[in-house]
Amino acid sequence: MVRSESRRLRIGAGGADDQLRSLLDWLRHEDGLRGRVQAQRAPVAQGEMGGALDALVVAVGSGGVGAILANCVSTWIAQRRSDVRITLTTEDGRTLEVDAKGVDPQALTRDIERLLTRQEAGGDSG
């Protein structure tokens with residue numbers, strides 16, 4: 001369950017259910033993220049048995065969770081062999097789009113940490 005005292009970061013993959021499942025599994029194996037990652041399902045359409053995985057929601061806040069998440073996501077995306085594009089969205093609507101092609105893991109980690117730092121500071125951009 002996502003903790004209510006934390007801010008939330010939404011991670012989407014543009015309908016790539018299998019990629020989101022892979023990332024979900026990856027993040028759930030990280031001790032520092034235990035209990036902070038939740039699958040968000042799309043609404044069930046008529047005639048469907050269940051909704052597809054729509055996004056991941058991660059509770060971020062104090063205690064270095066942002067750095068742990070940034071490192072996990074950058075490592076996961078750097079290891080993808082297929083075209084993967086994910087979008088990280090803060091509660092105030094700021095986004096970071098990441099394409100796995102030629103990603104620099106250190107730069108991606110910094111970009112994610114910067115996105116989260118701005119969220120903690122109240123959304124100031126700079």
Side-chain angles (χ1 to χ4, degrees):
M1 175 175 2
V2 175
R3 299 172 185 180
S4 61
E5 75 274 5
S6 300
R7 294 178 183 238
R8 295 177 183 201
L9 181 72
R10 184 177 189 276
I11 304 173
D17 185 77
D18 57 331
Q19 295 297 341
L20 281 177
R21 287 183 193 284
S22 172
L23 180 55
L24 176 63
D25 182 58
W26 186 272
L27 295 178
R28 284 188 171 166
H29 280 89
E30 174 57 51
D31 287 341
L33 297 175
R34 185 163 289 131
R36 294 182 175 270
V37 183
Q38 178 179 321
Q40 184 178 56
R41 300 209 172 272
V44 179
Q46 186 173 352
E48 290 182 349
M49 293 186 63
L53 188 57
D54 185 43
L56 305 180
V57 178
V58 183
V60 293
S62 61
V65 173
I68 294 168
L69 176 65
N71 285 324
C72 284
V73 169
S74 65
T75 301
W76 176 83
I77 203 165
Q79 294 182 5
R80 299 299 95 197
R81 295 172 196 234
S82 60
D83 273 348
V84 176
R85 184 172 198 83
I86 64 170
T87 303
L88 296 94
T89 307
T90 62
E91 288 178 306
D92 62 6
R94 287 174 301 104
T95 62
L96 173 64
E97 290 188 13
V98 181
D99 189 337
K101 289 182 181 177
V103 71
D104 174 355
Q106 282 101 9
L108 177 56
T109 298
R110 285 190 303 270
D111 289 345
I112 294 171
E113 287 179 334
R114 195 173 306 123
L115 180 73
L116 295 173
T117 301
R118 286 188 194 140
Q119 180 180 8
E120 290 171 4
D124 296 323
S125 57

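A salt bridge links D54 and R10; the closest N-O separation between the charged side-chain nitrogens and carboxylate oxygens is under 4.0 Å.
Closest heavy-atom contact between P105 and A78: CG-CB, 3.8 Å. The shortest non-hydrogen separation linking C72 to L33 is SG-CD1, 4.2 Å. Of all non-hydrogen atoms in L20 and A13, the two that sit nearest each other are CG-CB, 3.7 Å. Taking both residues in full, the closest heavy atoms of L24 and A39 are given as CD2-CB, 4.0 Å, listed atom of the first, atom of the second, then distance.
Here S22 pairs with W76, R80 under the side chain to side chain donor-acceptor pair (under 3.5 Å) rule; sequence neighbours left out. Considering only residues two or more places apart in sequence or on other chains, D25 meets the side chain to side chain contact (heavy atoms under 4.5 Å, CB included) condition with H29. Applying the side chain to side chain donor-acceptor pair (under 3.5 Å) rule to E113 yields no partners; only residues at least two apart in sequence or on another chain are considered.
With contacts defined as side-chain heavy-atom distances shorter than 4.5 Å, the pair V73/I86 qualifies. Proximity of R41 to L53: side-chain heavy atoms (C-beta onward) are separated by under 4.5 Å at one or more points.
One distance of note links CG of L56 with CZ of R21; it measures 10.0 Å at 0.5 Å rounding. Atom CD in Q38 sits 13.0 Å away from atom CG in L27 (nearest 0.5 Å). Summarising the geometry, atom OG1 belonging to T109 is positioned 4.5 Å from atom CG belonging to N71; distances are rounded to the nearest 0.5 Å. Expressed to the nearest 0.5 Å, how far OG1 of T117 lies from CZ of R110 amounts to 13.0 Å. With values rounded to the nearest 0.5 angstrom, L69 atom CG is found 5.0 Å from I11 atom CD1. Annotation: the span from R34 atom CZ to I68 atom CD1 amounts to 11.5 Å, rounded to 0.5 Å.
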Could you walk me through whether T90 and L9 pass side-chain contact (heavy atoms from CB on, under 4.5 Å), step by step?
-> CA-CA 5 Å; T90 62; L9 181 72; 4.0 Å; yes
How far apart are the C-alpha atoms of R94 and L115, what are their side-chain angles, what is the distance that settles it, and do they pass the side-chain contact (heavy atoms from CB on, under 4.5 Å) test?
-> CA-CA 8 Å; R94 287 174 301 104; L115 180 73; 3.3 Å; yes
Under the salt bridge (Lys or Arg N to Asp or Glu O under 4.0 Å) criterion, do R114 and D111 qualify, and how do the steps go?
-> CA-CA 5 Å; R114 195 173 306 123; D111 289 345; 3.0 Å; yes
